[in-house]
Amino acid sequence: MTPRTEEAFIEHVQSGGQVEATDWMPDEYRARLVKFIEMHGNSELMGVLPEREWILRAPTLQRKLALTAKVQDEAGHAQLIYRVVEDLGKPRDAVLEDLISGKSKFHNVFHYPTKTWGDVGVIAWLVDAAAIISQKALLKCSYAPYARIMKKICWEESFHILHGRDVILAMVTGTPKQRELVQEALDRWWKPLMMFHGNQIPAEKDPMFHWRIKSQGNEEARQQFLDGYVPQIRELGLEIPDPKLRKDEATGRWAYTEPDWDELRHVVTGHGPMTAERLGFRRASRDETAWVRDVVLAEAA
Amino acid sequence: MSSPAPPAVDHLLRLADDELILGWRDSEWTGIAPFLEEDVAFSSIAQTEIGHARAFYELAARELGGTADELAFDRRPEEYRSSPLVELRLVHDWGRTIARHVLYELADAIRIAEVKGSPDPDVAGLGEKIEREEAYHRMHAQMWADRLAESEEGRKRLVAGLEELWPYALGLLEGEARERLTADVAERLPFFTPPEVEPVERGEHVDEWAALWEEMTMVRRSAPGGQW
Amino acid sequence: MAVWEVFRQEREGQPFQHGGSLEAPNREFADAYAREFYGRRDESFALWIVPREAVLEVREPYVAPVFDRDYRRVDGYSIKVKLKEARELAGTPSG
């Protein structure tokens, strides 16, 4: 059971204590949790859209099955995450309404178009790699119900990156045209990937860290991503479109071109190249099936 | 691949094409089903249909040569044997989607029972394996049909879909299997009386077919000789 | 819409553990969805699917007893010294 004053509660979470759904918690903690977890759920749900149309175009039966399974997982993860939000007091209908009306946010990478099968590979490999770094850090989240589903999510997603890397490997060892598709996709996705973990706010100034909702800082996550994936990208002979990107061997830190944080803000506040179209699609498909929810989800007679 | 296939192989291709195209159509619902729990369930059904298609193509490839992927993606649109029922684009209309789902599963049960009785042990064995997964599909379809039929609005939409799609469902089968389907439908869907109609026969493709084929094969055609 | 809690048994004979929750309008849907969410990777041997309102939760500080009940625990018994004394009295070799 958590302490009943805000001060003691903060001490509890900062010293590694966890919080359950039925525990007392400060209003601010609950509000921040809802906002953060809701955005995570929104990202899973909106993350379905850049890939879903490519299920229909997948070039082999195996790829089609793997991509369908991956997108299915994302829908499933949205469900798991939204359930946590619901138990914190915000109903699913309200969550989806806020998403569709643009009141709540979702991750920057899901505001961009998926132009070719090369993009499908880059998304599954590198976007998922960036996401799994954030998600693994959430295993230590102070809110226990969220930390618990993160365990299931990380376990389920373990094949996504492999699927993506396999798609990329098949293409870079294929025809010159296929290799070109991969390089072009990497060129398109590198900037959004560098923005993925957010600006360089120090962990101790990040309210999400203060409440131990997050356990790692943004820059730490980005450095981890670069450490893990820059060598994997380069060994395929692909070129990363950032002339400043290099690792300082003395400090072990990666230097890179400062991402355009204004662009990030602009994109996640609803002005990305695909934001309006994707939210419109969500709204339309939700409207078309509203009658199903009305008749089926009504309390059993 | 343009010379006519022997009857047994042609039968395998019909089964494979039906499962592939239905799986393709069902996967159009991925991420946009009426609610998230159903998203996950319906996507699994799409995946098993594609899995069954692959298994049937592999058996057909024993005779025809090539691979399951080549059979699935590299034929000309007019070479596919899929039935019009599975080709119809129903996405966003859940009532018609469930109507097709339940009709297809009832018809497929009759067909898979025949496959299980095949003199070819590989074909019969595959029928056994497929039946285990199709039993779940039937449960899912029946659960949805029953639930929709419990409300006035749901029943109205479902029955409208069943009426529209019934001639297509008959066209999935041949000979006396059609009478069995009529009897099964009357038994499992008591709120619907199958009308006497001319079946929509296999052979002609529906208007939406060309667009489906274009989209399904576009990546493969974009880099000929590529590996995926 | 009703919330259902799902408990899963990973392998036959193991205890059931809470897996998560889902929403479903009736038992048939809850059954189908629980299989999807907790069985599609062949990760469960059996599932218990329970309407949330059927779950009665009791939590600390009302679960553990307030007063020490060391007689229920293994560490509540220190037999070493007494055993030594008993053996000396009996004249048997100590082990």
Side-chain angles (χ1 to χ4, degrees), chain A residues 1-4 12 17-24 41 65-66 68-89 91-93 95-96 144-160 292-301, chain C residues 1-69 72:
Chain A
M1 172 150 286
T2 55
R4 294 209 163 235
H12 173 71
Q18 288 203 301
V19 183
E20 291 290 343
T22 47
D23 282 336
W24 178 85
L65 286 167
T68 311
K70 175 180 187 297
V71 179
Q72 175 190 40
D73 285 349
E74 282 152 12
H77 297 163
Q79 186 272 0
L80 294 172
I81 295 167
Y82 283 158
R83 284 260 358 103
V84 175
V85 177
E86 287 180 272
D87 287 345
L88 280 164
R92 204 185 292 187
D93 263 348
V95 170
L96 290 171
Y146 188 43
R148 281 197 290 268
I149 61 159
M150 213 51 60
K151 208 170 143 191
K152 179 169 161 68
I153 289 175
C154 288
W155 175 67
E156 291 194 349
E157 285 197 349
S158 49
F159 89 90
H160 294 185
V292 186
R293 289 183 295 280
D294 287 346
V295 306
V296 173
L297 307 186
E299 290 305 316
Chain C
M1 175 147 67
V3 174
W4 304 71
E5 299 293 344
V6 183
F7 298 83
R8 46 182 288 267
Q9 186 187 38
E10 210 163 286
R11 277 187 292 280
E12 194 173 9
Q14 288 190 336
F16 282 72
Q17 285 198 335
H18 186 235
S21 60
L22 51 85
E23 295 179 15
N26 61 28
R27 292 172 71 93
E28 286 74 28
F29 278 75
D31 168 345
Y33 294 159
R35 292 189 209 195
E36 288 298 340
F37 275 82
Y38 299 96
R40 74 176 186 275
R41 288 162 202 273
D42 201 14
E43 72 267 49
S44 302
F45 178 80
L47 301 173
W48 285 342
I49 307 152
V50 185
R52 174 174 278 185
E53 64 269 17
V55 176
L56 181 63
E57 186 183 274
V58 190
R59 298 197 57 186
E60 281 285 41
Y62 306 111
V63 182
V66 177
F67 294 99
D68 191 15
R69 294 194 186 167
R72 287 186 176 278

Taking side chain as everything from C-beta outward and backbone as N, CA, C, O, which of these in [X] sits under 4.5 Å from a heavy atom of chain C? Side chain, backbone, both or neither.
X      : answer
A:R148 : neither
A:E86  : side chain
A:D73  : both

Rounded at 0.5 Å granularity, tell me how far [atom1] in [X] sits from [atom2] in [Y].
X      : Y     : atom1 : atom2 : result
A:Q72  : C:R40 : CD    : CZ    : 4.5 Å
A:F159 : C:R41 : CZ    : CZ    : 5.5 Å
C:E23  : A:R83 : CD    : CZ    : 5.0 Å
A:W155 : C:E43 : CH2   : CD    : 4.5 Å

Select one option (side chain, backbone, both, neither) describing which atoms of C:E57 are under 4.5 Å from chain A's heavy atoms.
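The side chain, not the backbone.
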
What is the minimum heavy-atom distance between C:F37 and A:E156, and which atoms define it?
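Of all heavy-atom pairs spanning C:F37 and A:E156, the closest is O-OE2, 4.3 Å.
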
Specify which of A:D87, A:I149, A:L80 makes the most heavy-atom pairs with chain C at under 4.5 Å.
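The option with the most such pairs is A:D87.
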
Hey, is CZ on C:R52 packed in by over 12 heavy atoms from elsewhere, all under 6.0 Å?
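Yes, the 6.0 Å shell around CZ holds more than 12 heavy atoms from other groups.
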
Charged N-O contact under 4.0 Å between A:E20 and C:R59
no

